[in-house]
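Working notes, beginning with the structure itself.
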Amino acid sequence: MHTIDKIYINGAFVTPHGEEWFDLYNPATEQTIGRVRLADEADANAAIAAARAALPRIASASREERLAWLSRMETAVRKREAELFDAVIEEYGAPVSRARWMVDYAADVIAHTADVLRDYPFTRRAGTAEVTMTPVGVAGLITPWNANASFITGKLATALAAGCPAVIKPSEMSALQTRIVTEALHEAGLPPGAFHIVTGRGDVVGAAITAHADVAKISFTGSTAVGKAIVRAGADTLKRVTLELGGKSPTIVLDDADFAKVVPMALQAGFMNSGQACIAGTRILVPEARKEEFEAHVRDAIHQFPAGLPSDPTTAIGPMVSQRQWERVQRYIALGLEQGARLVAGGPGRPDGLSAGWFVRPTVFTDVRNDMTIAREEIFGPVLSILTYRDEDEAIAIANDTTYGLSAYVMGADGERARRHAARIAARIESGRVLVNTLAHEPKAPFGGFKQSGLGREYGTFGLEAFLEPKSTLGVFAD
Ligand code: NAD
């Protein structure tokens with residue numbers, strides 16, 4: 001049993017003022033694996049005060065000094081990879097292949113941030129003025145449970161690269177990962193006050209950070225509903241916000257596609273991170289004339305995505321993170337059937353052979369209309385929908401007929417001509433990212449959503465600038 005009874009304020013592990021305890025579970029067994037003592041509003045306020053006091057020191061650090069912090073952070077997080085790997089499997093249920101990626105990424109994202117910082121022009125000229133990109137102030141960083149470690153390291157690395165001390169409110173469901181990352185960051189020897197970690201409830205600690213006058217900026221990753229609450233709560237103090245929210249991403253399968261290649265890639269896009277991914281391609285748009293052929297390929301390929309124990313290297317889809325999440329996914333499967341969608345694979349209940357754990361059968365519906373609930377709402381589980389289109393204009397109209405706009409996929413034939421055609425389609429999709437015949441991430445490119453998938457961007461130069469304010473000084477040039 002793990003007992004986590006400390007938070008991190010001003011360079012030290014301290015007992016929270018908050019007295020509530022929260023149980024941690026292994027989603028593959030449903031067993032309690034530990035408990036975490038939660039911070040409260042008083043803890044949030046203490047962390048914010050300490051961050052405010054550290055602001056002049058952090059904001060005035062040179063580029064070289066900030067690069068040195070990032071380098072030490074990266075080394076320290078890499079040293080904890082083995083522990084983090086075990087924690088991601090135990091408390092989140094990530095299958096081993098995914099857990100490996102998640103753990104590597106928690107350190108890689110710090111290195112990517114350092115690459116941006118190394119060449120970033122903080123000062124430039126605009127007419128007669130000198131423009132200096134200045135740290136925005138204390139940053140509040142709020143993370144979800146589906147990739148908690150790398151959201152903490154990525155957001156913190158960017159805040160510090162910009163010169164902003166940070167108060168971090170990680171998901172309360174990911175306390176094992178948070179503890180390991182906190183210990184690593186402590187070992188990195190950052191200046192006192194550079195970062196604070198207050199694990200607590202969203203509506204308590206998250207809300208306190210969001211409303212506090214001394215927090216200048218919120219970087220939030222999580223649900224669209226909470227994102228909207230954050231904008232409202234931050235309005236009185238005109239907080240800068242970066243919101244990375246939900247998605248209902250389309251995968252447009254083009255008429256020239258080789259289904260033997262494209263179907264496994266489309267399923268992978270939908271089932272990534274056990275379906276608990278904001279960027280999951282959950283609406284698969286297929287040419288009407290090739291629907292039966294596509295369904296047959298799905299039936300053949302579905303065995304490549306077995307649900308099972310996270311520790312089994314052949315598992316592609318692990319359990320849902322919580323019982324609540326499992327019930328929510330089951331509710332959507334029932335709704336799909338009620339509203340007339342037809343199952344190509346999967347369905348209600350647990351996969352065969354698994355009697356415990358929050359496992360869901362990898363599920364693919366067909367005959368889905370874009371007005372059905374399963375095509376409109378983010379399910380956040382391994383449940384995909386096949387929809388059909390008659391021509392590319394209709395495909396684009398369906399793809400864009402959503403309140404979201406985080407990611408999209410266009411999958412078609414290989415070759416220069418086909419790629420150019422796919423790129424023309426990509427240009428018409430309202431989405432922060434469009435991936436053409438690939439699932440590879442590009443950390444240098446901005447990441448974020450159109451419409452209700454978010455506000456602002458993370459990663460690369462755009463991500464750094466989200467923590468900076470341009471300040472113009474006039475009259476300093478002689479000419
Ligand atoms: P969530 O919105 O429930 O919680 C996210 C974080 O916000 C948690 O730390 C939570 O405690 C906190 N929170 C809750 N209420 C709050 C409040 N009133 N004020 C401040 N903070 C509050 O999301 P989740 O269930 O942890 O994660 C899943 C969601 O995250 C999905 O919708 C998914 O699409 C989204 N997500 C988006 C991205 C992206 O980059 N766009 C990435 C991963 C996950």
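These figures come from a predicted structure and were not determined experimentally.
- Side-chain atoms of Lys444 and Thr461 include no donor-acceptor pair closer than 3.5 Å.
- Glu288 CD to Asp391 CG: the interatomic distance, rounded to the nearest 0.5 Å, is 10.0 Å.
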Using the rule given for salt bridge (charged side-chain N to carboxylate O under 4.0 Å, His left out), can you reason through Glu130 versus Lys471, listing the C-alpha separation, both sets of side-chain angles and the distance that settles it, and then say yes or no? CA-CA 8 Å; Glu130 184 179 65; Lys471 176 176 175 180; over 6 Å; no
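- The neighbour count for Phe462 CZ, taken as heavy atoms of other residues, nucleotides or ligands under 6.0 Å away, does not exceed 12.
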Side chain to side chain contact (heavy atoms under 4.5 Å, CB included) between Arg433 and Leu435, intermediate numbers included: CA-CA 7 Å; Arg433 272 194 179 189; Leu435 286 75; 4.2 Å; yes
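- A cation-pi arrangement, defined by a distance under 6.0 Å to the six-membered ring centre and an angle within 45 degrees of its axis, is absent between Arg350 and Trp358.
- Both cation-pi conditions hold for Lys217 and Phe467: the charged atom is under 6.0 angstrom from the six-membered ring centre and inside a 45 degree cone around its axis.
- Residue pairs meeting the ring-ring contact (aromatic ring centres under 6.0 Å, His included) criterion with at least one partner in residues 72-103, sequence neighbours excluded, are Trp101-Tyr105.
- For the pair Leu384 and Phe271, the minimum side-chain heavy-atom distance is below 4.5 Å.
- Contact annotation: the side chain of Leu285 approaches that of Arg283 to within less than 4.5 Å [non-hydrogen atoms, C-beta and beyond].
- In this structure, the separation between CD on Gln339 and CZ on Phe365 is 9.5 Å, given to the nearest 0.5 Å.
- Looking at residues two or more places apart in sequence or on another chain, you find a salt bridge (charged side-chain N to carboxylate O under 4.0 Å, His left out) between Arg342 and Glu295, Asp367.
- Side-chain N or O atoms of Asp312 include none that pairs as donor or acceptor with a backbone N or O of Pro95 at under 3.5 Å.
- Between Arg78 and Glu74, at least one side-chain N (NZ, or NE/NH1/NH2) sits under 4.0 Å from a carboxylate O, which counts as a salt bridge.
- Ser71 places no side-chain N or O within 3.5 Å of a backbone atom of Leu67 that could act as its donor or acceptor partner.
- Residues in residues 383-403 take part in no ring-ring contact (aromatic ring centres under 6.0 Å, His included) pair, two or more places apart or across chains.
- Not a single donor-acceptor pair under 3.5 Å links the side chain of Lys291 to the backbone N or O of Thr366.
- Here the closest non-hydrogen pair linking Ala194 and Leu160 is O-CD2, 3.8 Å.
- Annotation: cation-pi geometry not satisfied between Arg457 and Phe450 (NZ/CZ under 6.0 angstrom from ring centroid, within 45° of ring axis).
- Between the side chain of Glu91 and the main chain of Ala175, a donor-acceptor pair closer than 3.5 Å is present.
- Here Ile425 contributes atom CD1 and Glu392 contributes atom CD; the two are 3.5 Å apart, rounded to the nearest 0.5 Å.
- Minimum heavy-atom separation, Ala426 to Val434: CB-CG1, 3.5 Å.
- Taking CD of Glu377 as the start and CE of Met372 as the end, the distance is 13.5 Å to the nearest 0.5 Å.
- Not one N or O on the side chain of Asn273 forms a donor-acceptor pair closer than 3.5 Å with the backbone of Gly275.
- Inter-residue side-chain proximity for Ile284 and Val286 is flagged as met; some heavy-atom pair is nearer than 4.5 Å.
- Between Met265 and Leu267, every side-chain heavy-atom pair lies at or beyond the 4.5 Å cut-off.
- Within the 4.5 Å cutoff, no side-chain heavy atoms of Thr182 are placed close to those of Ile180.
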Side chains of residues 404-413: which donor-acceptor pairs under 3.5 Å do they make with residues two or more places apart or in other chains?
from	atom 1	to	atom 2	distance (Å)
Tyr409	OH	Ile279	O	2.6

Kindly indicate, with the supporting measurements, whether the criterion side chain to side chain donor-acceptor pair (under 3.5 Å) is fulfilled by Glu465 and Tyr120. CA-CA 10 Å; Glu465 291 188 337; Tyr120 181 73; 2.4 Å; yes
Please list, one pair per line, the donor and acceptor atoms closer than 3.5 Å that link side chains of residues 140-152 to other protein atoms, with sequence neighbours excluded.
from	atom 1	to	atom 2	distance (Å)
Thr143	OG1	Asn148	OD1	2.7
Thr143	OG1	Ser171	N	3.3
Asn146	ND2	Gln276	O	3.0
Asn148	ND2	Ser174	O	3.4
Asn148	ND2	Thr178	OG1	2.8
Ser150	OG	Ala147	O	3.4

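- Lys451 and Thr403 share no side-chain donor-acceptor pair at under 3.5 Å.
- For the pair Arg290 and Phe259, the cation sits on the ring face: its NZ or CZ lies under 6.0 Å from the ring centre, inside 45° of the axis.
- Under the salt bridge (charged side-chain N to carboxylate O under 4.0 Å, His left out) criterion, Asp352 pairs with no residue at all, not counting sequence neighbours.
- At a threshold of 4.5 Å between non-hydrogen side-chain atoms, the residues Tyr459 and Leu464 do not count as touching.
- With hydrogens and angles disregarded, no donor-acceptor distance shorter than 3.5 Å links the side chain of Arg361 to the backbone of Pro382.
- Within the model, atoms CD1 of Ile89 and CG of Leu309 stand 11.0 Å from one another, a figure rounded to the nearest 0.5 Å.
- Listed for the Arg80 side chain is no donor-acceptor partner under 3.5 Å among the backbone atoms of Val181.
- To the nearest 0.5 Å, atom CD of residue Glu90 and atom OG of residue Ser311 are 11.5 Å apart.
- Side-chain N or O atoms of Lys239 include none that pairs as donor or acceptor with a backbone N or O of Ile218 at under 3.5 Å.
- Crowding of Arg299 atom CZ: a count of heavy atoms from other residues, nucleotides or ligands under 6.0 Å exceeding 12.
- Between Asp401 and Arg376 there is a salt bridge, since a side-chain N of the basic residue sits under 4.0 Å from a carboxylate O of the acidic one.
- Taking 4.0 Å as the cut-off between side-chain N and carboxylate O, Arg118 and Asp115 count as a salt-bridged pair.
- For Ser274 (side chain) and Gly318 (main-chain N/O), a donor-acceptor pair under 3.5 Å exists by modelled atom type.
- Inter-residue side-chain proximity for Met73 and Leu185 is flagged as met; some heavy-atom pair is nearer than 4.5 Å.
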With side chain to side chain contact (heavy atoms under 4.5 Å, CB included) as the criterion, how do Val383 and Tyr332 come out once you've worked through the C-alpha distance, each side chain's angles and the decisive distance to 0.1 Å? CA-CA 8 Å; Val383 181; Tyr332 278 110; 5.6 Å; no
Verdict with supporting geometry, Leu243 and Val231, side chain to side chain contact (heavy atoms under 4.5 Å, CB included): CA-CA 9 Å; Leu243 304 176; Val231 172; 3.5 Å; yes
Residues Ser219, Lys155; criterion side chain to side chain donor-acceptor pair (under 3.5 Å); working and verdict: CA-CA 7 Å; Ser219 176; Lys155 287 181 193 295; 3.0 Å; yes
Residue pair Val344, Phe294: steps toward the side chain to side chain contact (heavy atoms under 4.5 Å, CB included) verdict: CA-CA 10 Å; Val344 179; Phe294 193 88; over 6 Å; no
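- When side chains are defined from C-beta on, Arg424 does not count as touching Arg428, because their heavy atoms never get closer than 4.5 Å.
- Judged purely by distance below 3.5 Å, without hydrogens or angles, the side chains of Arg419 and Asn437 never pair a donor atom with an acceptor atom.
- A donor-acceptor pair under 3.5 Å is absent between the side-chain atoms of Arg63 and the main chain of Glu65, judged by distance alone.
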